[in-house]
Amino acid sequence: MFGLFKKKTEKEKLYDQYTKLTKEAFDLSTSNRKLSDQKTAEAEAIMKKIEAL
C-alpha cells in the first residue's frame, strides 16, 4: 500500500528490460537461433548499463 505511488528507479527499469529480453531469448532459442542470439546480446548490453550504475 505504501509503495503504491513509488516510481521505479532507472536500475529497476533496466532490470525489468533485462529479464524480459532473457525470457524472449529463451523462448526463441528453440525456433530461431539468430533472433535468440540477438536478444541475448541486447540483454548483455543492458546488464552492462546496470553494472555501470
I50 versus L14, closest heavy-atom pair with distance: CG1-CB, 3.6 Å
Rounded distance [0.5 Å steps], CG in L53 versus OG1 in T9: 8.5 Å
Hey, could you give me the CG/CG distance between L35 and D27, rounded to the nearest 0.5 Å? 12.5 Å
Group every Ile, Leu, Val, Met, Phe, Trp and Tyr by side-chain heavy-atom contacts under 4.5 Å, then state whether M47 and L21 land in the same group. yes
Donor-acceptor pair, T40 side chain versus S36 backbone, under 3.5 Å? yes
Between CZ of R33 and CG of D37, what distance do you get to the nearest 0.5 Å? 4.5 Å
Could you grab the distance from atom NZ of K23 to atom CG of L28, nearest 0.5 Å is fine? 10.0 Å
Please report the interatomic distance NZ(K11) to CD(E51), rounded to the nearest 0.5 Å. 9.5 Å
Between atom NZ of K8 and atom NZ of K6, what is the distance when rounded to the nearest 0.5 Å? 10.5 Å
